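Values in this document were obtained by computation on a predicted structure and should not be read as measured data.
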Amino acid sequence: MSRADHIFINMCQDILENGTDTQGEKVRPHWADGTPAYTIKKFGVVNRYDLSEEFPIMTLRRTALKSCTDELLWIWQQKSNNVHDLHSHIWDEWADEDGSIGKAYGYQLVVRHQYKEGMMDQVDRVIYDLKHNPFSRRIMTNIYVHQDLHEMNLYPCAYSMTFNVTQKPGHEKLTLNAVLNQRSNDVLTANNWNVVQYAVLVHMLAQVCDMEVGELVHVIADAHIYDRHVPLIKELITREPLPAPTFWLNPDIHDFYQFTRNDVKVEDYETHPQIKDIPVAV
């Protein structure tokens with residue numbers, strides 16, 4: 001049965017049983033009707049996913065693989081901050097009349113910096129180091145840039161990736177592992193979405209750098225369930241996990257900038273019914 005589902009269920013149970021309720025506190029998010037969006041939150045949630053054993057897409061309800069891959073490539077490959085470059089409307093709420101979300105996400109990754117090896121942006125620096133200096137402990141990205149926060153329409157939630165390469169005994173290829181740091185995570189709407197996105201990223205980078213995939217460690221400072229999501233979560237975690245599907249990544253792509261959302265798929269992906277009309281706090 002899906003390990004990702006069990007991790008999700010255990011996390012939700014822990015938040016509901018041991019979390020802190022923000023009811024009555026001063027909170028920024030609100031519902032469409034203007035009501036404050038309170039949460040039950042847990043500090044410092046850490047989930048580990050072994051990508052060599054399973055692709056961590058949940059079966060309790062469907063996660064849209066191509067859509068979350070599209071958003072990932074929008075940020076990491078296109079390095080865009082304009083919603084017109086997306087195939088979905090998930091960012092429309094934070095876009096201005098020109099479609100820009102400000103100096104956020106892809107904007108930060110495309111900024112080039114001077115290194116002794118030459119001018120590179122953060123993504124190209126990661127790829128360069130994975131290929132030329134894989135055992136470096138400095139392979140990371142950070143898009144939480146304080147001097148630009150006032151020009152971001154939404155502060156980055158998933159803000160940092162740290163990559164770490166290991167050598168498994170008896171394996172010819174190196175193993176690529178990663179830590180995803182997230183300051184805030186809406187557990188119902190975004191948790192598995194983010195996990196799947198960055199699992200895809202690790203698979204893509206491992207393939208273009210001729211490595212095997214290892215662990216994805218997801219560190220969340222504030223993992224929360226919104227008040228109007230509590231009954232939905234309680235129903236969701238009563239569902240029985242189904243077998244994990246098989247992940248496919250187009251093996252013919254060896255340049256990160258050639259991947260498209262159509263180069264990923266999951267085979268034998270069976271899920272429980274989708275939860276519809278989930279209220280989203282903004």
Under a 4.5 Å side-chain heavy-atom rule over Ile, Leu, Val, Met, Phe, Trp and Tyr, are [X] and [Y] clustered together?
{"X": "Phe43", "Y": "Val179", "answer": "no"}
{"X": "Ile275", "Y": "Val230", "answer": "yes"}
{"X": "Leu130", "Y": "Tyr128", "answer": "no"}
{"X": "Val202", "Y": "Phe55", "answer": "yes"}
{"X": "Leu188", "Y": "Trp31", "answer": "no"}

[X] vs [Y] side-chain heavy atoms within contact, under 4.5 Å:
{"X": "Gln77", "Y": "Phe256", "answer": "yes"}
{"X": "Ile220", "Y": "Asn191", "answer": "yes"}
{"X": "Val282", "Y": "His30", "answer": "yes"}
{"X": "Asp121", "Y": "Leu109", "answer": "no"}
{"X": "Trp76", "Y": "Tyr198", "answer": "yes"}
{"X": "Val165", "Y": "Phe163", "answer": "no"}
{"X": "Met58", "Y": "Ser2", "answer": "no"}
{"X": "Met204", "Y": "Val264", "answer": "yes"}

Can you run down the side-chain hydrogen bond (donor to acceptor under 3.5 Å, both in side chains) pairs that involve residues 266-282, sequence neighbours left out, and say none if there aren't any?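 Pairs touching residues 266-282 that pass the test: Arg61-Gln274.
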Assess whether a salt bridge exists between Lys168 and Asp50, defined as any Lys/Arg side-chain N lying under 4.0 Å from an Asp/Glu carboxylate O. no
Compute whether any side-chain donor of one residue and acceptor of the other, for [X] and [Y], lie under 3.5 angstrom apart.
{"X": "Asp129", "Y": "Ser136", "value": "no"}
{"X": "Asp33", "Y": "Thr35", "value": "yes"}
{"X": "Tyr115", "Y": "Asp124", "value": "no"}
{"X": "Asn177", "Y": "Thr166", "value": "yes"}
{"X": "Gln197", "Y": "Glu71", "value": "yes"}

Among residues at least two apart in sequence or on other chains, which ones pass side-chain contact (heavy atoms from CB on, under 4.5 Å) with [X]?
{"X": "Thr189", "result": "Asp186, His229, Ile278"}
{"X": "Pro36", "result": "Val27, Tyr38"}
{"X": "Ser67", "result": "Ala64, Trp193"}

Minimum heavy-atom distance between [X] and [Y], given as atom pair plus value:
{"X": "Cys68", "Y": "Val196", "value": "SG-CG1, 3.4 Å"}
{"X": "Leu73", "Y": "Thr260", "value": "CD1-C, 3.7 Å"}
{"X": "Val46", "Y": "Val217", "value": "CG1-CG1, 3.8 Å"}
{"X": "Arg183", "Y": "Tyr155", "value": "NH2-O, 3.0 Å"}
{"X": "Cys12", "Y": "Val187", "value": "SG-CG1, 3.7 Å"}
{"X": "Asn262", "Y": "Lys66", "value": "CA-NZ, 3.6 Å"}

Would you say [atom1] of [X] has more than 12 non-hydrogen atoms from neighbouring residues, nucleotides or ligands within 6.0 angstrom?
{"X": "His113", "atom1": "NE2", "answer": "yes"}
{"X": "Lys41", "atom1": "NZ", "answer": "no"}
{"X": "Glu172", "atom1": "CD", "answer": "no"}

Does the pair Val83 and Trp94 meet the rule for a side-chain contact (heavy atoms from CB on, under 4.5 Å), with working shown? CA-CA 9 Å; Val83 299; Trp94 292 277; over 6 Å; no
Hey, could you give me the [atom1]/[atom2] distance between [X] and [Y], rounded to the nearest 0.5 Å?
{"X": "Leu60", "Y": "Thr238", "atom1": "CG", "atom2": "OG1", "result": "9.0 Å"}
{"X": "Tyr105", "Y": "Leu72", "atom1": "OH", "atom2": "CG", "result": "12.0 Å"}
{"X": "Trp91", "Y": "Trp74", "atom1": "CH2", "atom2": "CH2", "result": "5.5 Å"}
{"X": "Ile233", "Y": "Tyr226", "atom1": "CD1", "atom2": "OH", "result": "12.5 Å"}
{"X": "Glu151", "Y": "Asn81", "atom1": "CD", "atom2": "CG", "result": "11.0 Å"}
{"X": "His254", "Y": "Gln207", "atom1": "NE2", "atom2": "CD", "result": "5.5 Å"}

May I have the list of side-chain donor-acceptor pairs in residues 137-144 shorter than 3.5 Å, sequence neighbours left out?
residue : atom : partner : partner atom : Å
Thr141  : OG1  : Met161  : N            : 3.4
Asn142  : OD1  : Tyr144  : N            : 3.1

Side-chain donor/acceptor of [X] to backbone N/O of [Y], under 3.5 Å:
{"X": "Asp85", "Y": "Ser80", "answer": "no"}
{"X": "Asp14", "Y": "Asn10", "answer": "no"}
{"X": "Thr69", "Y": "Leu65", "answer": "yes"}
{"X": "His224", "Y": "Asp222", "answer": "yes"}
{"X": "Asp5", "Y": "Thr59", "answer": "yes"}

Test salt bridge (Lys or Arg N to Asp or Glu O under 4.0 Å) on Lys173 and Glu212 and set out the steps. CA-CA 6 Å; Lys173 291 185 177 183; Glu212 299 175 345; over 6 Å; no
Could you tell me which residues satisfy salt bridge (Lys or Arg N to Asp or Glu O under 4.0 Å) with Glu117, sequence neighbours excluded, listed by chain and number?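 Residues passing salt bridge (Lys or Arg N to Asp or Glu O under 4.0 Å) with Glu117: Arg125.
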Using the ring of each side chain (for Trp, its six-membered ring), is His203 parallel, tilted or perpendicular to Phe247, with breaks at 30° and 60°? tilted
Run the numbers on Thr246 and Trp248 for side-chain contact (heavy atoms from CB on, under 4.5 Å), then give the verdict. CA-CA 7 Å; Thr246 301; Trp248 179 88; over 6 Å; no
Does the pair Asp255 and Val208 meet the rule for a side-chain contact (heavy atoms from CB on, under 4.5 Å), with working shown? CA-CA 6 Å; Asp255 178 348; Val208 302; 5.7 Å; no
Assess the residue pair Glu93 and His89 against the criterion (side-chain contact (heavy atoms from CB on, under 4.5 Å)); give the C-alpha distance rounded to whole Å, side-chain angles, the decisive distance to 0.1 Å, and a yes or no. CA-CA 8 Å; Glu93 184 72 30; His89 298 282; over 6 Å; no
